[in-house]
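Right, one structure below, let's go through it.
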Amino acid sequence: MTNSAIQDVQALFKKHFHHTAPQTVCAPGRLELLGNHTDYNDGLVMALAVDRYITIAAGPRADGKIELVSSLFPQPEIFPANEFRKNPAAPWADYVKGTLEQLHKRGVHFTGFNAAIHGTIPMGAGMSSSAALEVATALMVRKLFPFSPTLGGLGAAPARDAKGGLPPITPVERLEFAKIAQAAENQFVGVKCGILDQIASLFGKAWSVIDIDCRSLTVENPPMPGEAIIVCNSGVKHELIGGEYNELRQNCENAAKKLGAKFLRTVELKQVETAKSKLSEREYACAHHVVSEIARVVAGARALREGDHAQFGQYMFQSHASSRDQLRNSTKELDVLVDLARQHAGCLGARLTGGGFGGATINLVRHHEAESFIVHMQRAYEKAVGVKMTPIVCQIVDGAA
Ligand code: GLA
């Protein structure tokens, strides 16, 4: 957790509510390293939690109301602690309200509170600022009104120590928090996302990869090689609510059904080819992508284990090509970014990261070549697209706390 982000959110809280917030929480954004649109197909995906955060400073209040202020939006949002309705004038608050609604449904008892929200995750870049906000909200409620989410219910509430602190969140609780945050996004916000973003924000580990098996919902944290992770934001906003995401998911689900499977995870490429005539063109393309992408994650994890970073980078390039040609969730700008990255000798791999339809690329770059890669990308992207772009070097960090 960065001290400056905590200081900033505390300052925001104090400016608005005129005292110091008793609690702060911090949830990181994530990068999808390999495995595009595999999560909701029960598949495998590799992610990294990175040093861009949503931080919340909060304190209880006595009148049963919840008041939210954000450093990014001028208007505060106030509503009763048991009423969760969308306000078209404050769509940013939907992620908070959706999470509160899920907690309420699970029987978590909370009353009014004040909260200040501050974010350093670029919005619309595909780095999951929304999942981080949902996760931070759930953890903030835990700090104010202690509870323990268990599989489908609530366990005994954790006790505070002499200083008012709570015990660390267990892995079982972390998984439940991820499900709560995902349900908020699915049910309240209306994006039928998988669980990648929420798990990544909760299960990050410094200098490590987050390997997620979305069928068993198990997570491993193998070490990440010491190469540079650099994000290039195309500057084209990515807006999941746009419906293209849900459309991709629908095509994958239709394809699985026609192939006699519950999810594409259990389908082999040979089956997709054999049953091609049964599938629509889009269903075939989506299934082809997902099935081959899951195989690439398996191969990629092996390459990292064996220390073959160059091979891992090749899988990243292949992943991008498959997203571009089969899934068709890339954009002209993302394709330009990947092509330019490939021209640099220090770049091992590059691909779009996250939902797609805009957003950013993730680049794996030899660490001693990072500076020259950044200069190359800045110059070349401006020349090619006419837009200024500042690559972001990311540190791999621990999950939300
Ligand atoms: C978005 C979704 C995730 C995942 C990725 C694509 O980030 O929120 O659940 O599907 O897109 O891999």
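When reading the values below, keep in mind they use all heavy atoms of this one structure, side chains included, and skip hydrogens, waters and symmetry mates. Just so it is clear, the structure is predicted and the values come from calculations on it, not from any experiment. In listed order, ligands and their atoms are each counted from 1.
Heavy-atom proximity to G194, at under 4.0 Å, picks out these atoms of ligand 1: 9 (O). Listed by atom number, the atoms of ligand 1 under 4.0 Å from Y245 heavy atoms are 1 (C), 2 (C), 3 (C), 4 (C), 9 (O), 10 (O), 11 (O). Below 4.0 Å from some heavy atom of Y40 lie the following atoms of ligand 1, by number and element: 10 (O). Every atom of ligand 1 with a heavy atom of E32 under 4.0 Å away is listed here by number and element: 5 (C), 6 (C), 12 (O). Within ligand 1, counting atoms from 1 as listed, the ones closer than 4.0 Å to a heavy atom of N36 are 6 (C), 12 (O).
Only the side chain of R30 comes within 4.0 Å of ligand 1, counting heavy atoms alone; its backbone N, CA, C and O stay farther away. Residue E185 does not touch ligand 1, judged by heavy-atom distances below 4.0 Å.
The shortest N or O to N or O distance between C193 and ligand 1 is not below 3.5 Å.
Relative to the ring axis of F317, R342 places its NZ or CZ within 45° and under 6.0 Å from the centre. Figure legend: K97 and F84 shown without cation-pi pairing, the cationic atom not lying both under 6.0 angstrom from the six-membered ring centre and within 45 degrees of its axis.
At a threshold of 4.0 Å, the pair D197-R30 counts as salt-bridged, since one of the basic side-chain nitrogens sits closer than that to a carboxylate oxygen. Note on E293 versus R296: salt bridge recorded, some NZ/NE/NH1/NH2 to OD/OE distance being below 4.0 Å.
Scanning for side chain to side chain contact (heavy atoms under 4.5 Å, CB included) contacts around N82 gives P80, with sequence neighbours left out.
Between H344 and F373, the ring planes lie perpendicular to each other; the angle is over 60°, past the 30° to 60° tilted range.
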